[in-house]
Student: 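My structure is below; once you've seen it, I'll send some questions.
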Amino acid sequence: MNDTERITFLQTNFGFKNFRPGQLEVIQHLQNQRNTLAILPTGSGKTLLYQYYGLWSHKSVIVISPLLSLMQDQVSRLQYLGSKRVVAITSQLAFNERQYVLNHIKHYQYIYVSPEMLDQEPVKVALRQLELGLVVVDEAHCLSEWGPDFRPDYLSIKDNLLELGNPLVLMLSATADETTRTDIITKLGLQFDQVNQVIKSVDRPNIYLTVQHLENESDKNMQLIELVKKLRGTGVIYFSSKKKVNEISQLLTAKTNKRVMPYHGDLDSSQREMIQQQFMNNQIDVICATSAFGMGIDKNDIRYVIHYHLPGSLQSYVQEIGRAGRDGAASIAILLYTTGDEYIARALNDSANVTDELVDYYWRKPNPDLTGQDVRLLNYYFTHGYSAEQVKQIFANQQRKRENNLQKMIAYVNCATCLRNFIKNEFGESLQVTEQQFCCDKDGHFNGDWQQFNTTFLTELSTNSSIKSWQEVLNHLFLAKN
DNA sequence: CGAGAGTACTATAAAGTACTCTCGGTGCATTATT
């Protein structure tokens, strides 16, 4: 198949005239039977990649996905688009339904599973019967972020791929720096020379970047209230604490006329689903959320993302602000910082660490029946033949990595030069030589006066929602100053 | 880490002081109860 044929195939089967950036390259690699790691921004049509390959190869595709809600969305989307041979094997299927699916597995072409489900013997037995064309690891950064921390089954994917006979693998993510990319490949047990990478820039030129330093928490709250009052359109405010989510969500409801809702892992799934729906339907203006909110949120006109707390890494930060402005219109990312904020992130890092004492204890008295989070991880390493010393090393490295990530985040907060270049540099991208006109609070057009920023800038920003209006906004700022 | 809440003490009534404790995220699957 040459590129002309590829485009014809696209037109005939999907009705698109052209590929989006990166798509053709990925499809070329896959058709040449090359494992592929694709870092493509959200909205660049990642689903199409494996749909295309499935259609072309007439073989089955297994998609490993981190969240049940993501799987459900994908299944209904593919069904809506006309594929009937789609299923998600999850704990939400009734026992007899699941039996039916496993017994008739060849009937399905696109099969979604969680890493946990993939590791179950009956599931593996069924999947081995497939004529398997491709395994997709969706949201592949989870492999690096969640696997070694609290979802050990992510680490088992490696073994499961072997058992499936080393199938062709497509790794997909929107945000992954060099370290994460290396980690993804290693944790899947792949060799670097077996993997082709297709990497698009993480930079989002339509998102203005700013870090605001505030004296204390009450100043921060006041500034937040001002921002939420002034900013138009929908926004997301990220927190590192569920308690603060609830608290500030109530504060904003009381002090602004915006419709504000909380969102975090303590809400039950029906509540979460409802809030998500209302957000999508513009019945909510502002979501106060923990990191639980994000993956699978497909709203393209989020106008601003504010961080009340410091995320644990620049990668998380870029991921979270990247949810703004998918429609390409002017949007803004605001990080509110008070000296000492990093202690919350650091405390979370420490609590994620497994102590040497616990490792020693477990190795003296291993017990595979224990179900705690730490113990499940330990159990994984124990049953895979690691020594206590090796495991201590692994946890120590993880801890060091988390601390390094946090240091980078602190460096961003204190960065005195272009914030966009800081991010680009961390993601190994070449820097912009001449700054774009409207870039970040270091671009020379900002004079350090937040009061003026709030009144003039934000009003302008939210009334002009076209990227072409940057110049107008800029002019207005200058006029206001002179 | 360090702020803020909670508790104990004082010493005979209420309220101030000093100390201790807590905070602090991300999900799958499974199972035993309502």
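Sequence lines set the chain letters: A, B, ... in the order given, protein chains first and strands last, and positions in each chain run from 1.
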Student: Heavy atoms only, 4.0 Å cut-off, all strands: where does A/Gly340 land among base, sugar-phosphate and nothing?
Tutor: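 Nothing, no heavy atom under 4.0 Å.
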Student: Categorize A/Ala292 for me: base, sugar-phosphate, or nothing, with a 4.0 angstrom heavy-atom threshold over every strand shown.
Tutor: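 Sugar-phosphate only.
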Student: Can you tell me how far C1' in B/dT33 sits from the matching atom in B/dA15, rounded to whole Å?
Tutor: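 To the nearest whole Å, 48 Å.
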Student: Looking only at side-chain atoms of A/Tyr343, point me to the closest of B/dG24, B/dC1, B/dC28.
Tutor: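 Looking only at heavy atoms from C-beta outward on A/Tyr343, the closest nucleotide is B/dC1.
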Student: Rounding to an integer number of Å, can you tell me how far A/Ile89 CD1 sits from B/dA29 P?
Tutor: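 Answer to the nearest Å: 11 Å.
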Student: If you check the A/Leu68 side chain, which of B/dG25, B/dT30, B/dC28 turns out closest?
Tutor: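 The nucleotide sitting nearest to the side chain is B/dC28.
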Student: Taking the C1' atom in each of B/dC23 and B/dG27, what is the distance between them to the nearest angstrom?
Tutor: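 So the two C1' atoms sit 23 Å from each other.
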Student: Would you mind reading off the distance between A/Glu403 atom CD and B/dC1 atom C1', rounded to a whole angstrom?
Tutor: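 After rounding, the reported distance stands at 13 Å.
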Student: Which of the following nucleotides, B/dG25, B/dA29, B/dC28, is nearest to the side chain of A/Gln120?
Tutor: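 The nucleotide sitting nearest to the side chain is B/dA29.
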Student: So, is A/Ser114 near the phosphate of B/dC28, with a side-chain N or O under 4.0 Å from OP1 or OP2?
Tutor: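 Negative; the distance criterion is not met.
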Student: With a 3.5 angstrom cut-off on both distances, give the Watson-Crick or G-U wobble partner of B/dA32, or none if there isn't one.
Tutor: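 Pairing partner, where one exists within any strand: none, as none qualifies.
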Student: Considering only B/dA29, B/dG27, B/dT26, which nucleotide approaches the side chain of A/His264 most closely?
Tutor: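 Shortest atom-to-atom distance from the side chain points to B/dT26.
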Student: In whole angstrom, what separates A/Trp146's CH2 from B/dA29's P?
Tutor: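 So the two atoms are 13 Å apart, to the nearest Å.
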Student: Which of these nucleotides, B/dC28, B/dA29, B/dT26, is closest to any side-chain atom of A/Ser91?
Tutor: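 Side chain of A/Ser91 sits closest to B/dA29.
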Student: When you measure from the side chain of A/Thr90, which nucleotide among B/dG27, B/dG25, B/dA29 comes out closest?
Tutor: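 In terms of side-chain proximity for A/Thr90, the closest of B/dG27, B/dG25, B/dA29 is B/dA29.
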Student: Taking atom P in both B/dA14 and B/dA18, compute the distance separating them and give it to the nearest angstrom.
Tutor: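 22 Å, rounded to whole Å.
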Student: Are any side-chain N or O atoms of A/Arg204 and backbone N or O atoms of A/Ile321, one a donor and one an acceptor, separated by less than 3.5 Å?
Tutor: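 No; zero donor-acceptor contacts below 3.5 Å.
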Student: Phosphate oxygens OP1/OP2 of B/dC23: is one of them under 4.0 Å from a side-chain N or O of A/Ser241?
Tutor: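 Checking B/dC23 against A/Ser241, no side-chain N or O comes under 4.0 Å of OP1 or OP2.
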Student: Just call it for A/Ala352: base, sugar-phosphate, or nothing, with non-hydrogen atoms closer than 4.0 Å on any strand.
Tutor: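 Base contact - A/Ala352 has a heavy atom under 4.0 Å of at least one base atom.
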Student: Should A/Glu116 and A/Arg151 be marked as a salt bridge (Lys or Arg N to Asp or Glu O under 4.0 Å) after you check the CA-CA gap, both sets of side-chain angles, and the distance that decides it?
Tutor: CA-CA 8 Å; A/Glu116 288 80 3; A/Arg151 283 182 78 173; 2.8 Å; yes
Student: What is the base-pairing partner of B/dA11, counting Watson-Crick and G-U wobble geometry with both distances under 3.5 Å?
Tutor: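 Base partner found: none.
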Student: Rounded off to whole Å, could you give me the CD-to-P distance for the A/Glu139 and B/dG27 pair?
Tutor: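 Taking atom P of B/dG27 as the reference, CD of A/Glu139 is at 13 Å.
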Student: So, are A/Asp266 and A/Lys243 salt-bridged, with charged N and O less than 4.0 Å apart?
Tutor: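 So A/Asp266 does not pair with A/Lys243 through a salt bridge.
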Student: Could you give the distance separating B/dC1 and B/dC21 at their C1' atoms, to the nearest angstrom?
Tutor: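 Going atom to atom, C1' in each nucleotide, I get 15 Å.
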Student: For A/Ser313, is there any backbone N or O sitting under 3.5 Å from a side-chain donor or acceptor partner on A/Arg402?
Tutor: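 Such a contact is absent between A/Arg402 side chain and A/Ser313 backbone.
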Student: Under 4.0 Å: is that the gap between some side-chain N or O of A/Arg98 and OP1 or OP2 of B/dA29?
Tutor: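 For B/dA29, OP1/OP2 do not have a side-chain N/O of A/Arg98 under 4.0 Å.
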Student: Using atom CD of A/Glu116 as one end and atom P of B/dC28 as the other, report the distance to the nearest whole Å.
Tutor: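 Spelled out: CD on A/Glu116 to P on B/dC28 is 8 Å.
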Student: Roughly how far apart, to the nearest Å, are B/dA11 and B/dT7 at atom P?
Tutor: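 The answer is 22 Å between these two P atoms.
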Student: Would you tell me if any nitrogen or oxygen in the side chain of A/Lys243 comes within less than 4.0 Å of OP1 or OP2 on B/dG25?
Tutor: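 False: A/Lys243 side-chain N/O out of range (4.0 Å or more) of B/dG25 OP1/OP2.
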Student: Give a yes/no on whether any side-chain N or O of A/Gln92 is located under 4.0 angstrom from OP1 or OP2 of B/dC28.
Tutor: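 For B/dC28, neither OP1 nor OP2 has a side-chain N or O of A/Gln92 closer than 4.0 Å.
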Student: How far apart are the closest heavy atoms of A/Met295 and A/Pro66, and which atoms are they?
Tutor: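 It is SD-CG, 4.0 Å.
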Student: Given atom CG of A/Asp266 and atom P of B/dT26, what is their separation to the nearest angstrom?
Tutor: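 The distance from CG of A/Asp266 to P of B/dT26 comes to 7 Å, rounded to the nearest Å.
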Student: Looking only at the side chains, is there a donor atom on one of A/Asn221 and A/Tyr308 sitting less than 3.5 Å from an acceptor on the other?
Tutor: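 Side-chain D/A pair, A/Asn221 to A/Tyr308: present.
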Student: Would you kindly give the CG-to-P distance between A/Asp138 and B/dG27, to the nearest whole Å?
Tutor: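 Whole-Å distance recorded here is 16 Å.
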Student: So what does A/Pro66 touch, heavy atoms closer than 4.0 Å: a base, only the sugar-phosphate, or nothing?
Tutor: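 Sugar-phosphate contact only - A/Pro66 comes under 4.0 Å of backbone atoms but never of a base.
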Student: When the C1' atoms of B/dT17 and B/dG24 are considered, how many whole Å apart are they?
Tutor: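 That atom pair is separated by 29 Å.
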Student: If you round to the nearest 0.5 Å, how far is CD1 of A/Ile302 from CZ of A/Phe279?
Tutor: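 CD1 of A/Ile302 is found 4.0 Å from CZ of A/Phe279.
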Student: A/Thr290 near the nucleic acid: base, sugar-phosphate alone, or nothing, with a heavy-atom cut-off under 4.0 Å?
Tutor: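 Contact class for A/Thr290: sugar-phosphate only.
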Student: How many whole angstroms separate atom CG of A/Leu67 from atom C1' of B/dA29?
Tutor: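 Nearest whole value for this atom pair: 14 Å.
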Student: Just checking A/Glu342: base, sugar-phosphate only, or nothing, at a heavy-atom cut-off of under 4.0 Å?
Tutor: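 The answer is nothing, as A/Glu342 stays clear of every strand by at least 4.0 Å.
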Student: Is there a Watson-Crick or G-U wobble partner for B/dG2 with both distances under 3.5 Å, and which nucleotide is it?
Tutor: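 By the stated definition (distances under 3.5 Å), B/dC23 pairs with B/dG2.
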Student: For A/Thr210 and A/Asp441, test the side chains for any donor-to-acceptor distance below 3.5 angstrom and give the result as yes or no.
Tutor: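 There is such a pair (donor and acceptor under 3.5 Å, judged by atom type) between the side chains of A/Thr210 and A/Asp441.
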